[in-house]
Each structure stands twice: as structure tokens, then as C-alpha cells.
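Worksheet for the structure shown next.
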2 protein chains.
Amino acid sequence: MQSVRIWKIGKLAVQAGISVRTLHYYDEIGLLPPSHRTGAGHRLYTEDDVRRLQCIKSLCALGFSLDQTGGLLSTRDCSPRQVIEMHLTQLREEMRRQLKLVERLEAIHEKLQHEKTAGIDELLGLITEIEMMETFKKCYTAEQLDTLEKRAQKVGPERMQEVQGEWHELIGQVREQMNAGSKPDEPQVQELAKRWMGLIDEFTGGQKDIAESLGNVYKYDPTIASSRGFDLDATIMEYVAKSWASLNTRKE
Amino acid sequence: MQSVRIWKIGKLAVQAGISVRTLHYYDEIGLLPPSHRTGAGHRLYTEDDVRRLQCIKSLCALGFSLDQTGGLLSTRDCSPRQVIEMHLTQLREEMRRQLKLVERLEAIHEKLQHEKTAGIDELLGLITEIEMMETFKKCYTAEQLDTLEKRAQKVGPERMQEVQGEWHELIGQVREQMNAGSKPDEPQVQELAKRWMGLIDEFTGGQKDIAESLGNVYKYDPTIASSRGFDLDATIMEYVAKSWASLNTRKE
DNA sequence: CGTACACCATCACGCAACGTGAGGTGCAAA
DNA sequence: TTTGCACCTCACGTTGCGTGATGGTGTACG
């Protein structure tokens, strides 16, 4: 109603639908310092401040961090197009992760319906089972999947988890050798390669086609490996393959 | 290879693919205290500890917090079914939010392609515009939407934002009166009702059908109001409606 | 036997975005 | 003058660790 409109912090908080503490915080980090203060130190916000706050709220509602928001509001010239695109791809990535989680949980939930017992141990068995199947599902035929499932049930979830630990260890050791500059045909590397192939054998029940498919999975989509927690890439797999080959050629 | 297998913290970290600090932390919060320590205080993990760690990793991978994970692992009897379901619904909720964000950003991104200028002000105009349209899109006919869009362009984004602030203020004042026990036909409440209807008028360009639809939006889906940042529910709207009605009956 | 070096230990601060008091003013009504 | 509300400035708590700082251990090697 007056020519100059001024808000104290409480009113502004109500008007913007946020808390006083939030405004304190925005002041603290320099995102929205009030244009004026009273003699007693009370914050006084002008219309410009209010507009800035609206902007901040909008950008935050789009998922930007306060830091990014501040950046967007300060750069007068630079086009926000790129920022938006980056943010968008990032969000989509996040969504994919979420979707995977939900799918996993749904699978577990469904399996839980069939099982009568609902102890924590069964739950964990199901979880490892589903994690495994999920990894393979993309590349195997139904028949192969069936074989793998039987195999997994035979060795049991504990051994599966143990094996996972051994993989981590083994991969670490191989990477060490690689970084140390060891050649693939040196004996200590060949030793690692033997353990490597041994694990694969146990895993696949010695069926070559399955082992090969497994190799392809990791070869053509390294993201799967990292999603399973493995620090694995094409160079390592090639290194081990060479080492294994050097073993076999000598034997012949 | 030996009958009793013991891991020190570094080995276990490598084997599990996590950091030493993480194991320190899990010990600190009591989630995974090692079964033994050496005389010098070095942590010694047994096979049981390793299994527990695998469980923890699995549950975390499913999106449970460390707290929830600890709970799941400690409750031997209670069925985890409910926990899973709760978590699942929560995750789905989260996904819906994410999806909304992505859609909004996509809309903004598309609009940015058409606009030549890419300053921050235009961006903010687009954002408010899209937020508005999104609210309405669910309940209006194409014709009404068109009217609303023209209306929004006419008043401009700044005024739209200002109005939003006034809404917050107004809603707060009405809620105050309600909580204070004021009757709808008391003059100060009627004053608020007048402002309320004035805002709606400005908003809708005075078209009754649009205003009515708007009322229905908020009446039948209060979640929309809260997603727009309004602390609005059916009781408040009824209260204002009564107050407005009391004004009009007196006039006649 | 000493020493070099990797590994282990315990603090303790930092991050994001505030929530939640605690303890002390400013200002207007009763 | 007292009450009471709105405001102020610390300052600690949240989650899941990362990243040093500083100092003790354990073992392999000369």
C-alpha cells in the first residue's frame, strides 16, 4: 500500500512459505543478504530481495543446489542452457539408478511372497540371488540362465559372497602387477591368471559358452562391472587373457 | 587356506571394495565392530564379520540407510516384508518427484530452444510460466488454458510471483483467524475474503468457469497446493467461501 | 640390531541445508 | 512496568563418510 515496501524476516518467511532459519542461512552463505538492517541489526528486505528470493526458490525447486543457484543468479551473461542440459542429464542418470533400485526391490518383494519363511537370512539369500541374475540377464539365453541359477543354488549364497570378495582381492592384485609394469608372461602374473580362470570355472560350472558370454558382458559394458562394485575394465581383462594365453602356449 | 581366517582392516577394505575409513565408521556407530583386536588395538575381523559386511553392503545397495540396515540385521524375528514395502513406496514417491523435475526441465529446455535470448531473466520467466501451467494443466480445457496463458503473459511473470507471495500472506492470515475462532461473518474475516476473491479475479481474468475449476483443483487434490508451496486445505477454502457468502447475502 | 616403509590407531574438521534450542535485545500493548 | 512477541547471534546435531595430522606397529632387509 506504500511506495516503498519493506519486509522484516518473519513476514518474508511467511510470505515465501519458508522458515526464518532458512533466510538466516541464505544470508549467512551470501546467497540472499538483506539490502538493509535496522540500527538494532534487524534484517530488512526490499522488493528486489523478495524477487531474488522467488528466483532462488524456483531454481531450488528444479533441483539445483544453493551453490548452483547462486552461480546462475550471478552470471549475467553466460547462457544457462548448458547448465540446464547438464542438470537434466544428471537427473536422468539419477532416475535410472532409482528405477533399478525399485525393480530390484520389487523382485525381492515378489519372491518374498512365495517364500513362507521371512527371516533375514532368506532375505539376504534372495538379495544376492537377484543381484546375480540381474547382472547376467542381459546377455544370456534362457537355457544358460537356468544353468546358472541351478549352479548358484548349488554353491549357496555364502560361497557366492565369498567369491565376490576373492574377486575384489584378485582384481586388486592384478592391477598392482599391471601398474608395477610386470609382463603378462611373468610367473607371478600367470599365477594370478590361473586363480582368475579357476574362479570363472567355479562360477560357470566349467561351461565355456557361459564363460565367454560373461566375458562379453564385462567387455562391452564396463558400467555393469562398476555397478557390481568391481574395479574392472577392458585393459585388465586383456592383460589377464594374455597371461593365460602365455601359460597355455608354453604348455603345448 | 587356513582353518581360521582373520582379516586386518586394510585387507578387508580391499576385499569388500570399500574404504578403511568406512570400516572405521561402521565400527564407530556400532554397525560392524570387529570381533577381536590385537594388543596394540588393531582391528581383527572374522569370517562372521565379513559375512555381516556383505549383508550391510547389500542392504545399503538397496537404498537403506545405515540405521535401517542395522535394524534389519538386529531384529531376528520380525518380518522384513513390511520394511521392504515401506521402503518401496517411499522410493516410488521419490521417483515421481524426480520424474516431475525432469519433465519440468525438459519443458524449459525446449522453450529455451525457441527463445533467442538466453538471459537469466527470460529463464526465470519461463520457469514461473511452466510451473503455473503445470498446476492448471490437469483440470482445464484447452480453451481455458489458452485464456490463462494469455492472461499470464499480460500480467507478466513479476506480478505472478508477487501474487504468489500475497497468497502466502493471505492464507496465513485466514488461518490465524480460523485458529483464533473467528466466525466467517465477522468483518475482519470478510475483509480477507474480499482480498481472496480479488486475487482470484486478477488471476483468472474474472472468468467464473475458470475460477470454479481452480477451486476444484485445490479442493479435490490438496497435494497440488502443497506442491506449489501453499499451506492450503479444504477447511480453509470452505471457511473463506462461507465468509464470502455471508458478505453477498447481506448485500442483497 | 637398527631402520625403512607399509600399515594401523585415534582425533578432528569438512561437506549440504538447514532444525532446534539457548540466551540476550527491540518494541509495542496492557 | 511488565508482558509478550519478533528479532538477534552463537552453536551443536543431522548422514556417511573424505581427508589430513600425528603417532604407534610390524616386518623385511641390510
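In what follows, every chain begins at residue 1, and chains take the letters A, B, ... in the order their sequences are listed.
- Of all heavy-atom pairs spanning L101(B) and A61(A), the tightest one is CD2-O, 2.9 Å.
- For the pair L66(B) CG and dT14(D) P, the interatomic distance rounds to 14 Å; values are reported in whole Å.
- Remark: L199(A) pairs with V163(A), E166(A), W167(A), L170(A), E202(A) by the side chain to side chain contact (heavy atoms under 4.5 Å, CB included) rule, at least two apart or across chains.
- Under a 3.5 Å cut-off, the side chain of Q68(A) and the backbone N or O of S65(A) do form a donor-acceptor pair.
- Within 6.0 Å of the CD atom in Q188(B), the count of heavy atoms belonging to other residues, nucleotides or ligands exceeds 12.
- Between the CD1 atom of I18(A) and the OH atom of Y26(A) there is a distance of 6.0 Å, given to the nearest 0.5 Å.
- Whole-Å rounding puts the D27(B) CG to dG16(D) P distance at 16 Å.
- The side chain of R43(A) places an N or O atom within less than 4.0 Å of a non-bridging phosphate oxygen (OP1 or OP2) of dC8(D).
- OP1 or OP2 of dC8(D) lies within a sub-4.0 Å distance of a side-chain N or O belonging to H24(A).
- Counting to the nearest Å, the P atom of dG26(D) and the CD1 atom of I6(B) are 15 Å from each other.
- Between L23(A) atom CG and dC18(C) atom P the separation is 10 Å, expressed in whole Å.
- Regarding contacts with the backbone of dC13(C), every side-chain N or O of R21(B) stays at 4.0 angstrom or more from both OP1 and OP2.
- Atom pair I29(A):CD1 and dG14(C):C1' shows a separation of 16 Å (rounding to whole Å applied).
- Here dC7(C) presents its P atom at 16 Å from CG of L44(B), a figure rounded to the nearest Å.
- Residue S19(B) places none of its side-chain N or O atoms closer than 4.0 Å to OP1 or OP2 of dC17(D).
- In the set dC8(D), dA16(C), dG16(D), dA16(C) carries the atom at the smallest distance from any side-chain atom of Y25(A).
- Under the 3.5 Å distance criterion, the side-chain polar atoms of E186(B) are matched with a main-chain donor or acceptor of K183(B).
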Margin query: Does the protein touch nucleotides 22-30 of chain C at the base, only the backbone, or not at all? Give it as B, S and - per nucleotide, heavy atoms under 4.0 Å.
Written below: ----S----
Check: Do E106(A) and V102(A) pass the side-chain contact (heavy atoms from CB on, under 4.5 Å) test, and can you show the C-alpha distance, the side-chain angles, and the key distance before you say yes or no?
Finding: CA-CA 6 Å; E106(A) 276 170 351; V102(A) 168; 3.7 Å; yes
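- In this entry the distance linking CG of L53(B) with P of dC17(D) reads 11 Å, nearest Å.
- Rounded to whole angstrom, the span from the CG atom of D67(A) across to the C1' atom of dA16(C) amounts to 10 Å.
- Dashed line: the shortest gap from a side-chain N or O of T22(A) to OP1 or OP2 of dG19(C) is under 4.0 Å.
- Nearest to the side chain of Y26(A), among dC18(C), dG18(D), dT9(D), sits dC18(C).
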